[in-house]
Amino acid sequence: MHDIRALRENPEPYVKGWDSKGLSGSGLVGEITALDAKLRAAQTAWQTAQAERNDASKKIGQAKAGKDEAEAQRLMAQVEALKTTLETAQAEEREASQALNDLLAGLPNIPAEDVPWGKDEHDNVEVRRWGTPFAIAKPKDHVDLGEGLGLMDFEAAARMSGARFVVLKGELARLERALGQFMLDLQTREHGYLEVSPPLMVNDAAAYGTDKLPKFADQLFQTTDGRWLIPTAEVPLTSLVMGQIVAEEELPLRFTALTPCFRSEAGASGRDTRGMIRQHQFYKCELVSITAPEQSAAEHERMVECAEAVLKRLELPFRTMLLCTGDMGFGARKTYDLEVWLPSQETYREISSCSNVGDFQARRMDARSRAAGEKGTRFVHTLNGSGLAVGRTLVALMENYQDEGGRIAIPQALHPYLPGLTHIGGQG
RNA sequence: GGAGAGGUGGCUGAGUGGUCGAAAGCACCGCACUCGAAAUGCGGCGUGCCUUUACGGGCACCGUGGGUUCGAAUCCCACCCUCUCCGCCA
């Protein structure tokens, strides 16, 4: 949610910010300012009428206490006359408030100053690159590899669930599990994140607070009783501070969770239809930080390094991209994507996204902090990142570690999690 | 799922139609006492919003949303959540 006061006092950053996201900044700001003025006028009118009523009511109480029934009757008639004024004033206030809220709730966050201006992914900036793509002659993709091994079955998944699902079996299922454990252990033991096992279903408030609602309801799966399947553990992890006032001394809070993620992928038909790249359900090890406002930029850099560490340990070539204004997600002020090398596509593909959300979600969910001895509170900053998407990591690992015979080598870092297994597809 | 109890400020907890934004205690802050601290005493101390150059004024908030009433923390309805007992169950 946006700070209407800040927007009122200094609209330029909002105009620029929304312009940079391909929206009409000046148009939106004009609309918001007009609605805001309307709301405040309605508020004042309503409050004036209420003050009048409250005053009369108080006098009625006094008159009754003084047994002055005639005066009480006179005042009651006076209040009665106010009734329609009150009702219309209230209706106007509600309408204006609703309109302003609806508009603001659907508008994306303002990019940070140091985010490159751009339209789409072509304007993203590579900030660093790690590792060198392996020389693989005629690389197979993970589908051919997995089906060749008899351990990856899209057809069985389609029969029971439909498109965009997969069945993993045997050593591939075990590899997926090992990857998840490895990521979780790395982030908790070496990077100080607190392991959390959160609910996979959340209510409207949690989905709204993490800016998935109202705009992206069609991207989510909803249960018959109205809850939402989490599209990422960002939702429950960030919601840990929803409505809370945390002690500033305890910041930053760092949470991680390995959970399934559920996405409807509405509107993605035709994109990445083959294989495990884009699924309705996948595991992800998520990182979430809750920080004081002045900590968030540094925490963001740290978080990216925590995600990069996974790829480095797994010895998978990747590059780190700073997303341009037009390619960033709805809530982000600044986002780094990690892209891993996929030999079959001869390109880098997104495997992690780390965003500094600023106070955007904190305002929506009313998450604040208070310094010891201080009276006031302020909104915290929230950050989230993948550390990493397990399904895509599995894909990257299979494709990068394949040999001519279609076997998959297991990188050193995973050996503790897969004792005795050096290759998938027969030992040798 | 059934029966009952309950949701009040940072916390505990009183309040059951009008002078209650809310007693009291704890916590916290300031002052006094003290070499200092503790103890004690005095004072202060909710949030959001509107309005005002300022002092200030006003509105809302006692789980959420409706309703009754001139007036609701207080009465009524629905929902959510917590606790106790029963049932069922991984």
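All of these numbers come straight from a predicted model, not from anything done at the bench. In the text below, chain A, chain B and the rest are named by the order of the sequence lines, each starting its count at 1.
The residue A:Arg378 sits apart from the nucleic acid: no heavy atom pair falls under 4.0 Å. Residue-level contact check: A:Asn203 touches neither bases nor backbone, having no heavy atom under 4.0 Å from any strand. Residue A:Ala51 is classed as a sugar-phosphate contact, given heavy-atom separations below 4.0 Å to backbone atoms only. Note on A:Ile60: a base of the nucleic acid sits closer than 4.0 angstrom, heavy atoms only. In this structure, A:Arg5 reaches the sugar-phosphate backbone alone: every heavy-atom distance under 4.0 Å involves primed, P, OP1 or OP2 atoms, never a base.
Relative to the six-membered ring of A:Tyr208, A:Arg364 meets both conditions, a distance below 6.0 Å and an angle of at most 45° to the axis.
B:rG6 and B:rC81 make up a base pair, with Watson-Crick or G-U wobble contacts both under 3.5 Å. Nucleotide B:rU34 is matched to nothing when pairs are restricted to Watson-Crick or G-U wobble geometry with both distances under 3.5 angstrom. The nucleotide B:rC55 finds no pairing partner, because no Watson-Crick or G-U wobble arrangement with both distances shorter than 3.5 Å includes it. Base-pair partner of B:rG43: B:rC29 (Watson-Crick or G-U wobble, both distances under 3.5 Å). Across all strands shown, B:rG1 pairs with B:rC86; the Watson-Crick or G-U wobble distances both stay below 3.5 Å. Pair check for B:rA22 finds none; no Watson-Crick or G-U wobble contact set falls under 3.5 Å. Look at B:rG17: it lacks any Watson-Crick or wobble partner with both distances under 3.5 angstrom. B:rU74: no Watson-Crick or G-U partner with both key distances under 3.5 Å is found in any strand.
Nucleotides B:rA3 and B:rC20 have their C1' atoms positioned 35 Å apart, rounded to a whole Å. Only the P atoms considered, B:rG17 is 46 Å distant from B:rC89, to the nearest whole Å. Rounded to a whole angstrom, the distance from the C1' atom of B:rC61 to that of B:rA73 is 11 Å. Taking atom C1' in both B:rG21 and B:rU47, the straight-line distance is 11 Å, to the nearest Å. Across the P atoms, B:rG13 and B:rC26 are found 15 Å apart, a figure rounded to whole Å. A gap of 46 Å separates the P atoms of B:rG65 and B:rA32, to the nearest Å.
Taking atom CG of residue A:Asp55 and atom P of nucleotide B:rG57, one finds them 14 Å apart after rounding to whole Å. When rounded to the nearest whole Å, the span between CD1 of A:Ile4 and P of B:rG48 equals 17 Å. Distance, A:Gln43 CD to B:rG57 P: 20 Å, rounded to whole Å. Rounded to a whole Å, the CZ atom of A:Arg40 is 15 Å from the C1' atom of B:rC59. Nucleotide B:rA72 holds its P atom 8 Å from the CG atom of A:Asn54, rounded to whole Å.
Listed here is the closest heavy atom pair of A:Val143 and A:Gly275: CG2-CA, 3.4 Å.
Between A:Lys334 and A:Glu113 there is no salt bridge, since none of the side-chain N atoms of the basic residue sits less than 4.0 Å from a carboxylate O of the acidic one.
Using a 4.0 Å cut-off, some side-chain N or O of A:Arg8 falls inside it from OP1 or OP2 of B:rC50. OP1 and OP2 of B:rG10 both lie 4.0 Å or more from every side-chain N or O belonging to A:Arg370. In this model, the phosphate group of B:rA60 is approached by a side-chain N or O of A:Arg53 to a distance below 4.0 Å at OP1 or OP2. The side chain of A:Gln47 places no N or O atom within less than 4.0 Å of a non-bridging phosphate oxygen (OP1 or OP2) of B:rU51.
Relative orientation of the A:Phe165 and A:His280 rings is tilted, given thresholds of 30° and 60° on the angle between their planes. Using cut-offs of 30° and 60° for the angle between ring planes, the A:His2 and A:Phe360 rings count as perpendicular.
A:Thr291 and A:Glu299 are not linked by any side-chain donor-acceptor pair at a separation below 3.5 angstrom, with hydrogens and angles left out of the test. Looking at A:Tyr401 and A:Glu315, their side chains never bring a donor and an acceptor atom within 3.5 Å of each other.
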